[in-house]
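Every heavy atom of this structure was used, including side-chain atoms; hydrogens, water molecules and symmetry mates were not. Every chain is numbered from 1, with letters handed out A, B, ... down the list of sequences.
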Amino acid sequence: MNTTISELARQDGKTVTLQGWVYSKRSGGKVVFLQLRDGTGICQCIVEAKDGDIFESAKDLTQESSLRLTGVVRADERAPGGFEIAATALDVIQIADEYPISRKAHGIDFLMSNRHLWLRSRGPTIVLRIRHTIIKAIRDYFDADGFTLVDTPVLTPGAGEDAQTLFEVDYFGEPVYLTQTGQLYLECAAMALRKVYCFGPTFRAEKSKTRRHLTEFWMVEPEVAFAELDDIVDLAEGLICAIVEAVLARHEQDLLELGRDLAPLRRVQAPFDRITYTDAAETLRSAETRALLEEELERDRARLAEWEQTVADLERQHDEAKKAWQKDKLDVELQHLRQDVQELERDLESRPQHIELAQNFAWGKDLGGSDETIISKLHAKPVFVTDYPREAKAFYMKQSAESAGTVRNMDLLAPDGYGEIIGGSQREEQVDVLVRRIQEQGLDPADYDWYVDLRKYGTVPHGGFGLGVERTLSWICGLKHVRETIAFPRLMGRIYP
RNA sequence: UCCGGCGUAGCUCAAUCGGUAGAGCGGGUGACUGUUAAUCACUAGGUCGUAGGUUCGAGUCCUACCGCCGGAGCCA
């Protein structure tokens, strides 16, 4: 009977057939241990010399060879996972060529060039499954709340906004661009269906080589008619809580395997703090913040000293180690640790500068990366920052009635320096104000005629936001780089495979 | 675009002062009844990123270029 590794616990004592790939092999004189991988898990299979022909074929198997294996399921505490299979039949589909990815350490360049194979490794499969859970949680959240999914176009005409970050495509001789947001189209759909969302890829030709940037990433954007900023913030808060809850419900073990600390994720429950940009600016400049940051700096300096001590200890163990492979193992550990030390050193070096930047923060400027990190450090959960200065923001955001100079927008900052994962706003619904803002930003009103029409034919207050799937995933999984959150990442300078 | 770092075997990395290119893993052959990155023995495997230059002699020093990594700006 065909089965999968995920179902094995229910098959104790039965004879089953698994279909999969060789994850690793260890052989003794009269026994071969295969770690079999079938896409649902990993299971140890044993072939013994008394099994005859299949023992000979098992000895020839290489890493990632494909096969069907039949055998008896039995519980055994010596087996990783608790169950193993004693083989009775082995049908080799293909003996794999020498597989480039071993279970040893590899450099990121090599892994990225072999992403098509790297996907089979433990970490990538876990992250892809969590990605699936997050996307499903997002869709369930909106679907359960009466939203309609509306797909917006990927090819868009050349509306002026910052052409530097647009990818140009030849459209029958006309230049058109890959979408950066479905928002403007979604506003039209919201006037038809009231609550809508789109979910698709988005393209930015930013020349950014950092751990937070992809040139192609996935974004979900809800848009709601008759909604004001507070409604949009509530919606975003509920979404983040629903996502984190879904991931915790299904992936605690996976997160632990990725080395993620679960406590901060369990804290992610409504309500999140909501501060205005003006509050944030004051906080950045305050003496209390300075004191807090300097205390933290001292703590981290102590931590650095501890890490350096650990490095010294490991170096001593390395010198004392007799076996070559023990030295090698320690080398790998040391390499990681030294990298962490180096990163912390660099971080510590730049922090006094960041404190100064924050202390001298001028109202009117957009929050910089280091400012965002400081704000998020002062909050145990994700935090909303609202009402930014008008000049720093897009033309379609609604101008505040009460205090001139700001707009009704919001960003959600993820903890631990993961940065902005949501950006949204209430939209400007007054036709005259909107047209003036288009002109003030040096855009051609003719390009936006259709968009302005929404304000002529039954305009209503409305708003929405965009959530970046990869940054959210990166934060939840505690990854160092967003390139690991998508099967085939597209980065500046990397398009293969 | 700017700043910093790194390019040596299939992979991860050594190579002291400029003086015969090395180890582990992976591959191959063999040994071993229970392995947990198995172990042990033997073995094959190199355009030292590319092009110049200095030198009796360059992986090592100099110049330029290319590639990758990290960061800044900008952003989700």
Please confirm whether any donor atom in the side chain of [X] sits under 3.5 Å from an acceptor in the base of [N], or the reverse.
| X | N | result |
| --- | --- | --- |
| Ser208(A) | G73(B) | yes |
| His213(A) | C75(B) | yes |
| Gln63(A) | G27(B) | no |

Across all strands shown, which nucleotide pairs with [N] by Watson-Crick or G-U wobble geometry, both distances under 3.5 Å?
| N | answer |
| --- | --- |
| C42(B) | G28(B) |
| G34(B) | none |
| A51(B) | U63(B) |
| U8(B) | none |
| A72(B) | U1(B) |
| G18(B) | none |

Euclidean distance, atom [atom1] of residue [X] to atom [atom2] of [N] [Å, nearest integer]:
| X | N | atom1 | atom2 | answer |
| --- | --- | --- | --- | --- |
| Glu77(A) | U35(B) | CD | P | 13 Å |
| Ile108(A) | C68(B) | CD1 | P | 13 Å |
| Lys365(A) | C74(B) | NZ | C1' | 14 Å |
| Leu166(A) | C75(B) | CG | C1' | 13 Å |
| Ile95(A) | G28(B) | CD1 | P | 10 Å |
| Tyr99(A) | C25(B) | OH | P | 20 Å |
| Arg211(A) | G73(B) | CZ | C1' | 17 Å |
| His354(A) | G71(B) | NE2 | P | 12 Å |

How is [X] classified with respect to the nucleic acid when contacts are heavy atoms under 4.0 Å: base, sugar-phosphate, or nothing?
| X | answer |
| --- | --- |
| Glu420(A) | sugar-phosphate |
| Asp411(A) | nothing |
| Glu84(A) | base |
| Ser27(A) | base |
| His481(A) | sugar-phosphate |
| Arg74(A) | base |
| Leu214(A) | base |
| Phe110(A) | sugar-phosphate |
| Gly368(A) | nothing |

Quantified in whole Å, what is the [atom1] atom distance between nucleotide [N] and nucleotide [M]?
| N | M | atom1 | result |
| --- | --- | --- | --- |
| G4(B) | G53(B) | P | 28 Å |
| A15(B) | A21(B) | C1' | 8 Å |
| G30(B) | C68(B) | P | 43 Å |
| G18(B) | C2(B) | C1' | 35 Å |
| C61(B) | A14(B) | P | 14 Å |
| U20(B) | U1(B) | C1' | 47 Å |
| G46(B) | C40(B) | P | 26 Å |
| U8(B) | A51(B) | P | 15 Å |

Subject >> Heavy-atom side-chain proximity of Thr62(A) to Asp97(A) below 4.5 angstrom >> reply: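 Sidechains of Asp97(A) and Thr62(A): no contact.
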
**OP:** Could you tell me whether Glu64(A) and Arg120(A) have a side-chain N and a carboxylate O separated by less than 4.0 Å?
**Re:** yes

Original post:
When you check the gap from the basic side-chain N to the acidic O, do Asp387(A) and Arg408(A) get nearer than 4.0 Å?
Top reply: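 Yes.
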
Compare the minimum distances between each of [options] and the side chain of [X], then state the nucleotide with the smallest one.
| X | options | answer |
| --- | --- | --- |
| Arg26(A) | G34(B), C69(B), A37(B) | A37(B) |
| Lys207(A) | G73(B), G34(B), G27(B) | G73(B) |
| Glu48(A) | C75(B), G73(B), U33(B) | U33(B) |
| Arg471(A) | A76(B), G28(B), U1(B) | A76(B) |
| Phe217(A) | C69(B), A76(B), G34(B) | A76(B) |
| Val31(A) | G34(B), U1(B), G70(B) | G34(B) |

**OP:** Could you point out which residue of Glu237(A), Gln426(A), Met410(A) forms a side-chain contact (heavy atoms from CB on, under 4.5 Å) with Ile232(A)?
**Re:**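 That would be Met410(A); it is the only one of Glu237(A), Gln426(A), Met410(A) passing the side-chain contact (heavy atoms from CB on, under 4.5 Å) with Ile232(A).
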
Subject >> Stepwise side-chain contact (heavy atoms from CB on, under 4.5 Å) check, Leu117(A) with Tyr99(A) >> reply: CA-CA 9 Å; Leu117(A) 301 176; Tyr99(A) 191 65; 3.5 Å; yes

Original post:
Where each residue is assigned the nucleotide of RNA chain B containing its nearest heavy atom, which of Ser24(A) and Lys59(A) is assigned the position nearer the 5′ end?
Top reply: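 Comparing both residues, the 5'-ward one is Lys59(A).
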
Subject >> Gly107(A) or Ala392(A), whichever maps to the more 5' nucleotide of RNA chain B >> reply: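 Its nucleotide being nearer the 5' end, the pick is Gly107(A).
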
**OP:** Tell me whether the OP1 or OP2 atom of C69(B) has a side-chain N or O from Arg494(A) closer than 4.0 Å.
**Re:**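 The answer is yes; a side-chain N or O of Arg494(A) sits under 4.0 Å from OP1 or OP2.
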
Subject >> Contact under 4.0 Å: Arg483(A) side-chain N or O vs G70(B) OP1/OP2 >> reply: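 Yes, Arg483(A) has a side-chain N/O under 4.0 Å of OP1/OP2 on G70(B).
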
Original post:
Do you know which of Gln180(A), Glu206(A), Arg204(A) makes side chain to side chain donor-acceptor pair (under 3.5 Å) with Thr165(A)?
Top reply: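 Only one option passes, and that is Gln180(A).
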
**OP:** Take Arg483(A) and Glu470(A), measure what salt bridge (Lys or Arg N to Asp or Glu O under 4.0 Å) needs, and give me the verdict at the end.
**Re:** CA-CA 8 Å; Arg483(A) 67 186 160 217; Glu470(A) 287 75 15; over 6 Å; no

**OP:** If the plane angle is over 60° it's perpendicular, under 30° parallel, otherwise tilted; pick one for Phe465(A) and Phe142(A).
**Re:** tilted

Subject >> Of Lys377(A), Arg303(A), Arg301(A), the residue whose pairing with Glu296(A) passes salt bridge (Lys or Arg N to Asp or Glu O under 4.0 Å) >> reply: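 With Glu296(A) as partner, Lys377(A), Arg303(A), Arg301(A) yield a single salt bridge (Lys or Arg N to Asp or Glu O under 4.0 Å), made by Lys377(A).
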
